[in-house]
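No experiment lies behind these values; they were computed from the predicted model shown. One-based numbering, in listed order, for ligands and for the atoms of each.
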Amino acid sequence: MDKFIIRGGNRLNGTVEISGAKNATLALMPAVLLSGGVCRLSNAPRLRDISTMSALLEQMGMGIKHPGTTLELDASAITHFEAPYDLVKKMRASFYVLGPLLAKFGSAKVSYPGGCAWGPRPVDLHIKALQKLGAEIEIEQGYVLAKAKRLHGATITFDVSSVGATGNTLMAAVLAQGSTVINNAAVEPKITQLANFLVEMGARIVGIGTNHLLIEGVDALHPADDDNIPDRIEAGTYLTAAAAAGGTVTVNGVNPAHLEAVTAKLEDAGCTLGYGERSITISSDGALRPVNVTTAIYPGFPTDMQAQWLALMTTAAGSSRVTDTIYLDRFNHVPELQRLGASIDINGNSAMVRGVAQLTGAKVMSTDLRASASLIIAGLIAKGQTEVLRVYHIDRGYEAVELKLRNLGADIQRVDSEEY
Ligand code: UD1
């Protein structure tokens, strides 16, 4: 199992190319099930989560090629409508196949996802919405068994704005008979991307980009192609790494509007930011002011940047509070940051960080994708050597992270390790 060895203290300078968005790709791949043909998704990142989704769709009969950065998916011969536990337990986004399988083939058997590393992650909203669209759903032996001759339109009002439930409902409603209204829909860029892709496939959707979606069901969709949006969390992670380590870094190939919540906080922390049409440049001397953040649904500060922000604040000149309102116990990275000398107290869903003069290197363990990113940032500023174990977590969501960081001047090596 690989680990990273980081020798902290180097400044970061240069340009880093940002990959296509992981989570958008994970939403668009299952949507191809609805097309009945060949769709091409360009700017698709090469990541472990994408391979997991590919394996899941392949065992349903989808043909998948991923030459370079284009994913070519052929949904003309789908024969199995099942998502087995082995794959769903690796990645919760597998649950995205439920809506399209049900809408297109009238039947789906999808493993019920368990909790994740930082606690419970329910799917009740997905299930209730599909029931409103007419699906018969039973939970048996750990599986969601869903059936429907043809779904019908309905009004669905989510009491929590959920990215996954909005995506699943959207993919089901596009082939339902009649019209569907989704109130309190998620407005994340990947939902906009998914809705636009469905429209390219022949779906009729009004209100894209707002939290009120109106879908007029159609009898069939056709194949379409899509150009993926950039990964705003990957970009935010490199900006935060540069803020922490000091230096001048440009993240290239991004949509600056998607990152406003993060860049505003980086400015508050004392960094200088410059914005191009598809790039953001950050300059930092590594001496940061403490800045509170509270995560919120898009366009608020993303929960997927909470761990990285916490790492950034560990050496700020004072105390800051980091509150997560999306996942109330997403703090597995905190005990590991404490091993590096960070001073952090958890109180409910808030972490109070008292900036220290210097972190010191140690062995730490990745527990999930964003926790790994936070430990790498901490390792870049810690004195001496930090070893980050279980980096398979980071391979789920960051393409060639150590190469991109080395190109910016970081001292980071991936080595094969017996340690687990
Ligand atoms: C997606 C992202 C994940 C990100 C999260 C929040 C993917 C593959 N994953 O996850 O990286 O951290 O958005 O931005 O795109 N909820 C319920 N019932 C449900 C569904 C959700 O109560 O049926 C709650 C969740 O517990 C959470 C909130 O809704 O508190 C938002 O979760 P949701 O937006 O659904 O997250 P995911 O789509 O799973």
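Inclusion of Asp304 in the set of residues having an N or O under 3.5 Å from an N or O of ligand 1 is warranted.
Heavy atoms from both the backbone and the side chain of Leu125 come within less than 4.0 Å of ligand 1. Residue-level proximity to ligand 1 for Tyr327 is carried by the side chain, the only part with a heavy atom below 4.0 angstrom. If you look at Gln306 next to ligand 1, there are no close heavy atoms at all, none under 4.0 Å. Counting heavy atoms closer than 4.0 Å to ligand 1, residue Ala165 contributes nothing at all. Of all the heavy atoms of Val160, the ones lying under 4.0 Å from any atom of ligand 1 belong exclusively to the side chain. Using a 4.0 Å cut-off between heavy atoms, Asp124 contacts ligand 1 through both its backbone and its side chain.
Note on Asp159 versus Lys128: no salt bridge recorded, every NZ/NE/NH1/NH2 to OD/OE distance being 4.0 Å or above. A salt bridge links Arg414 and Asp2; the closest N-O separation between the charged side-chain nitrogens and carboxylate oxygens is under 4.0 Å. Classification of Arg150 and Asp219 as a salt-bridged pair holds, one side-chain N sitting under 4.0 Å from a carboxylate O. The pair Lys147-Glu136 does not meet the salt-bridge criterion, since no charged nitrogen lies less than 4.0 angstrom from a carboxylate oxygen.
Remark: the Asn252 side chain and the Thr250 side chain contain no N/O donor-acceptor pair separated by less than 3.5 Å. For the 3.5 Å distance criterion, the side chains of Ser19 and Asp231 fail to qualify, holding no donor opposite an acceptor. When only modelled atom types and interatomic distance are considered, Asn292 and Ser320 share no side-chain donor-acceptor pair under 3.5 Å.
Note on ligand 1: Arg370 sits outside its first shell, no heavy atom being nearer than 4.0 Å. For Met305, the closest heavy-atom approach to ligand 1 does not fall below 4.0 Å.
Taking a cut-off of under 4.0 Å to the non-hydrogen atoms of Thr303, the atoms of ligand 1 that pass are 6 (C), 12 (O), 14 (O). If you number the atoms of ligand 1 from 1 as listed, the ones under 4.0 Å from a heavy atom of His126 come out as 23 (O). Which parts of ligand 1 touch Val163 is read off a 4.0 Å heavy-atom cut-off, strictly below it: atoms 13 (O), 33 (P), 34 (O), 35 (O), 38 (O). Close contacts between ligand 1 and Ala93 involve ligand atoms 8 (C) [criterion: under 4.0 Å to a heavy atom]. Of all the atoms in ligand 1, the ones that sit under 4.0 Å from a non-hydrogen atom of Arg330 are 12 (O). Under a 4.0 Å criterion applied to the non-hydrogen atoms of Ile326, ligand 1 contributes the atoms 27 (C), 30 (O), 31 (C). Taking every non-hydrogen atom of Val123 and a distance limit under 4.0 Å, the qualifying atoms of ligand 1 come out as 19 (C), 23 (O). Close contacts between ligand 1 and Gly164 involve ligand atoms 35 (O), 38 (O) [criterion: under 4.0 Å to a heavy atom].
Exactly one of Arg370, Gln308, Gln306 qualifies for a side-chain hydrogen bond (donor to acceptor under 3.5 Å, both in side chains) with His333. That residue is Gln306.
A donor-acceptor contact shorter than 3.5 Å is absent between the side chain of Ser179 and the backbone of Gly153. In this structure a side-chain-to-backbone donor-acceptor pair under 3.5 Å is missing from Arg354 to Asp345.
Residue pairs meeting the ring pair (Phe, Tyr, Trp, His ring centres under 6.0 Å) criterion with at least one partner in residues 137-159, sequence neighbours excluded, are absent.
Looking at Met53, Arg92, Lys190, Lys128, it is Lys190 that brings a heavy atom closest to atom 1 (C) of ligand 1.
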